[in-house]
Amino acid sequence: EVHVAEFGGGLVQAGGSLRLSCVVSGLTFDDYAIGWFRQAPEKEREGVSCINSNGGTYYADSVKGRFTISSDNANHKNTAYLEMSSLKPEDTAVYYCAATYRGGAVPTTRYEYDYWGQGTQVTVSS
């Protein structure tokens, strides 16, 4: 069974930085992807950044140059990190991590992901 858990949300001032971690356990195939999504109040869940097992990455235009995604596979767990810098109030949202088995291009939409974490709140104050 695949389990996804996010860590690292919190409150930060505009211009500050925050690091989110996503621990995925139970992946049994080599081709997979892990993605970060976010949902602000009364808005749809949107893709922020994704990474696949081949090292391919995706960034939404709104976070390019400010966010960096990375991953490692230590201790039989797949962990994805989202380093967020130059944060803006509009980055405020619940951030969700998701995983899926997928080869080829990096999946970027929420419909392509099967396993989801509970989410972690990120609040950026102005």
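Since this is a predicted model, take the numbers as computed values, not measurements. Side chains included, hydrogens not; waters and symmetry mates left out as well; all remaining heavy atoms used.
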**Complete:** Scanning both residues in full, the closest heavy-atom pair of T100 with P107 reads CG2-CG, 4.0 Å
**Asked** What is the minimum heavy-atom distance between A99 and V4, and which atoms define it?
**Response** CB-CG2, 4.3 Å
Could you tell me whether the side chain of [X] and the main chain of [Y] form a donor-acceptor pair under 3.5 Å?
X    : Y   : value
N52  : N54 : yes
Y95  : Q39 : no
R110 : R45 : yes
S49  : Y59 : no
R19  : G8  : no
S71  : T79 : no

**side-chain hydrogen bond (donor to acceptor under 3.5 Å, both in side chains) between D72 and Y81, intermediate numbers included** = CA-CA 9 Å; D72 69 47; Y81 305 96; 3.0 Å; yes
From [X] [atom1] over to [Y] [atom2], what is the distance, rounded to the nearest 0.5 angstrom?
X   : Y   : atom1 : atom2 : value
E83 : S17 : CD    : OG    : 8.0 Å
R38 : E44 : CZ    : CD    : 14.0 Å
I69 : I51 : CD1   : CD1   : 5.5 Å

**Message:** Once ring-ring contact (aromatic ring centres under 6.0 Å, His included) is applied, what residue pairs with a partner in residues 10-36 remain, sequence neighbours excluded?
**Reply:** F29-Y101
Linking I/L/V/M/F/W/Y whenever their side-chain heavy atoms sit closer than 4.5 Å, directly or via other members, would [X] and [Y] fall into one cluster?
X    : Y   : result
V106 : L82 : no
V12  : V48 : yes
V23  : V2  : no

For residues 117-126, please give each side-chain donor-acceptor pair under 3.5 Å, one per line with the distance, not counting sequence neighbours.
unit_1, atom_1, unit_2, atom_2, d
T120, OG1, G9, N, 3.2
Q121, NE2, A93, O, 3.4
Q121, NE2, T123, OG1, 3.3

**Prompt:** Is any NZ, NE, NH1 or NH2 atom of the basic residue among K88 and D91 found under 4.0 Å from an Asp or Glu carboxylate oxygen of the other?
**Reply:** no
**From CA spacing to verdict: side chain to side chain contact (heavy atoms under 4.5 Å, CB included), T108, E46** = CA-CA 9 Å; T108 63; E46 62 176 0; over 6 Å; no
**Request:** Sequence neighbours left out, what passes side chain to side chain contact (heavy atoms under 4.5 Å, CB included) with S86? Give chain and number order.
**Result:** R66
**Prompt:** By side chain to side chain contact (heavy atoms under 4.5 Å, CB included), which residues pair with A105, not counting sequence neighbours?
**Reply:** none
**Request:** Could you list the residues that satisfy disulfide bond (SG atoms under 2.5 Å apart) with C97, not counting sequence neighbours?
**Result:** C22
**Prompt:** Going by side-chain heavy atoms closer than 4.5 Å, which hydrophobic residues are tied to V94, directly or by a chain of links?
**Reply:** F37, Y96, Y113, W116
**Request:** Would you please test M84 and L20 for side chain to side chain contact (heavy atoms under 4.5 Å, CB included) and show each step?
**Result:** CA-CA 8 Å; M84 305 185 293; L20 303 182; 3.7 Å; yes
